[in-house]
Amino acid sequence: MDTDMKRESKATRKTKDKITTSPTKRWFRRLYTQRHLQVMALLGVVWMLIFNYIPMYGIIIAFKEFNIVESIADAPWVGWEHFKAFMDDENLPDVIRNTLGISLIKLFIGFPLPIIFALFLNELRSVRFKKAVQTISYLPHFLSWVILGGILTTWLADVGIINNVLMALHLIKEPISYLAEPQYFWTIVITSDIWKELGWSAIIYLAAMAGVSPEMYEAATIDGAGRFQKMWYITLPGIQATIAILFILAVSGVLNSNFDQILVLRNSLNESASNVIDIYVYQTGLLSGRFSYSTAIGLIKSIIALILLVIANQVTKKLNNTSLF
């Protein structure tokens, strides 16, 4: 009895303390009890401030005529001059066409493929074979585009393995310099990007599938549902929220054409098909020294990406009630 009374009195005191303690004190008390986690989170916040927010001060050079001799503060203001110059740039049509062409094809082909791959991989019954396929599929992700670019350049050369195989199968009569022909560049970029990221992108969907209740599959089996019916009516709806979130992020990055990949695969012969926004900013900014002009282009790209993010977020929110914010 005495023990029960003591426990009740302690519980009563804790309840009274919660009621009488102000929200600020409770917040500081909770912050102290989570101090180790807060320190870890604080390091991430500091990193973001240093590398993501403080450099945003340099955006103002898009409205100035900046050069490396003088500071940003001393550079004269030119207003919207660089933005107007970009709109009148003769390279603008090719840059927009290449950027949207590569990015949209990657979005429409490269986005659903990891979902399909994850669905079939999830249906494998052999755990050993499943792990082997998964390991082989996401291994290219860990190789940089510098390495993969060298491999692709060797494979696609006149005496490379691609030409040798096609000629052995009598599909072509003469070797083709694929990276020297602009009409092949988009196909090479899109195919190699899917090859590199297919397995890695599927990991997120496989993790989401692991959260689907096994009882639903058991009930579907009792009702006589086949594998494809389970995938369509159980697995896909179960990972719908994950697909929506990743789709929003993919749409917002539609103007990103994978700078590293295109930089290692492009050359002067395929320039007409490889000149995307990121490459154009690199050329005009770092190579030509037009820092203000390239910053203006980057700012336009960021604003468009933000608009696309908001639109995609609202669309997915109305369609399946899933959104980032």
Side-chain angles (χ1 to χ4, degrees), residues 82 85-111 113 139-166 172 174-198 200-201 250 252-302 304-305 308:
H82 299 300
F86 178 61
M87 295 302 173
D88 296 332
D89 197 321
E90 61 181 7
N91 295 309
L92 179 61
D94 288 338
V95 170
I96 297 299
R97 177 179 62 86
N98 293 331
T99 303
L100 292 180
I102 294 174
S103 298
L104 290 177
I105 295 174
K106 280 185 180 180
L107 179 64
F108 290 120
I109 298 178
F111 182 78
L113 279 180
L139 185 62
H141 171 80
F142 297 99
L143 299 177
S144 69
W145 274 114
V146 176
I147 298 174
L148 287 180
I151 294 174
L152 289 172
T153 302
T154 304
W155 286 358
L156 297 170
D158 294 350
V159 293
I161 186 173
I162 302 297
N163 275 304
N164 291 336
V165 171
L166 293 178
I172 58 175
E174 297 180 355
I176 301 173
S177 300
Y178 291 99
L179 288 176
E181 301 291 339
Q183 65 265 28
Y184 298 118
F185 186 79
W186 286 15
T187 304
I188 295 171
V189 168
I190 295 165
T191 304
S192 59
D193 184 76
I194 293 173
W195 167 54
K196 186 176 187 294
E197 301 297 338
L198 177 66
W200 184 258
S201 300
S252 65
V254 74
L255 294 182
N256 296 325
S257 303
N258 199 338
F259 172 79
D260 295 340
Q261 177 192 19
I262 294 180
L263 184 64
V264 298
L265 293 178
R266 73 187 304 271
N267 53 56
S268 58
L269 297 176
N270 61 31
E271 186 175 357
S272 60
S274 62
N275 195 17
V276 296
I277 290 179
D278 291 336
I279 295 295
Y280 190 63
V281 169
Y282 165 73
Q283 288 181 325
T284 56
L286 294 181
L287 300 185
S288 302
R290 301 175 64 186
F291 301 107
S292 296
Y293 181 70
S294 59
T295 303
I297 300 174
L299 184 56
I300 293 174
K301 175 186 169 184
S302 300
I304 296 175
L308 291 174

Problem set entry | Distance (rounded to the nearest 0.5 Å) between Ile300 CD1 and Phe86 CZ | 5.5 Å
Exercise. Can you check whether Phe259 reaches Val276 side chain to side chain, under 4.5 Å on heavy atoms?
Worked result: no
For this session: To the nearest 0.5 Å, tell me how far Lys301 NZ sits from Asp278 CG.
Result: 3.5 Å
Problem set entry | Full working for side chain to side chain contact (heavy atoms under 4.5 Å, CB included) between Leu156 and Tyr184 | CA-CA 11 Å; Leu156 297 170; Tyr184 298 118; over 6 Å; no
Exercise. Trp200 vs His141 aromatic rings, parallel, tilted or perpendicular, using cut-offs 30° and 60°?
Worked result: parallel
Problem set entry | Side-chain H-bond candidate by donor/acceptor type, Asn91 with Asn275, under 3.5 Å | no
Exercise. With side chains defined as the heavy atoms from C-beta onward, is the minimum distance between Leu179 and Leu269 less than 4.5 Å?
Worked result: no
Seminar exercise, completed: Value for CD1 (Ile262) from CZ (Phe185), rounded to nearest 0.5 Å, stands at 5.0 Å
Problem set entry | Gln183 atom CD: more than 12 heavy-atom contacts under 6.0 Å | yes
Exercise. Does atom CD1 of Ile161 have more than 12 heavy-atom neighbours from other groups under 6.0 Å away?
Worked result: no
Exercise. Is the shortest heavy-atom distance from the side chain of Ile277 to the side chain of Ile96 under 4.5 Å?
Worked result: yes
Problem set entry | Listed partners of Tyr280 passing ring-ring contact (aromatic ring centres under 6.0 Å, His included), at least two apart | none
For this session: Verify the neighbour count for atom CH2 of Trp186: are there more than 12 heavy atoms of other residues, nucleotides or ligands below 6.0 Å?
Result: yes
Exercise. Distance from Asp260 atom CG to Trp145 atom CH2, nearest 0.5 Å?
Worked result: 9.5 Å
Problem set entry | Side-chain donor or acceptor of Thr191 paired with backbone N/O of Ile188 under 3.5 Å | no
Exercise. Shortest non-hydrogen contact from Gln261 to Asp193?
Worked result: NE2-N, 3.6 Å
Exercise. Quick check: does any side chain N or O of Asn267 sit under 3.5 Å from a backbone N or O of Ala180, one acting as donor and the other as acceptor?
Worked result: no
For this session: Mind running side chain to side chain contact (heavy atoms under 4.5 Å, CB included) on His82 and Ile297 for me, showing each step along the way?
Result: CA-CA 8 Å; His82 299 300; Ile297 300 174; over 6 Å; no
Seminar exercise, completed: To the nearest 0.5 Å, atom CD1 of Ile190 lies from atom OG of Ser103 at 9.0 Å
Exercise. Distance-only, no hydrogens or angles: does the Ser177 side chain make a donor-acceptor pair with backbone N or O of Asp158 under 3.5 Å?
Worked result: no
Problem set entry | Which atom of Ser274 lies closest to which atom of Ile279, heavy atoms considered | O-CG1, 4.0 Å
Seminar exercise, completed: Rounding to 0.5 Å, atoms CG (Leu100) and CG (Leu255) come to a distance of 6.0 Å
Exercise. Should the pair Arg97-Asp94 be classified as a salt bridge under the 4.0 Å nitrogen-to-oxygen rule?
Worked result: yes
Seminar exercise, completed: Tightest non-hydrogen contact, residues Thr284 and Val281, listed as OG1-O, 3.3 Å
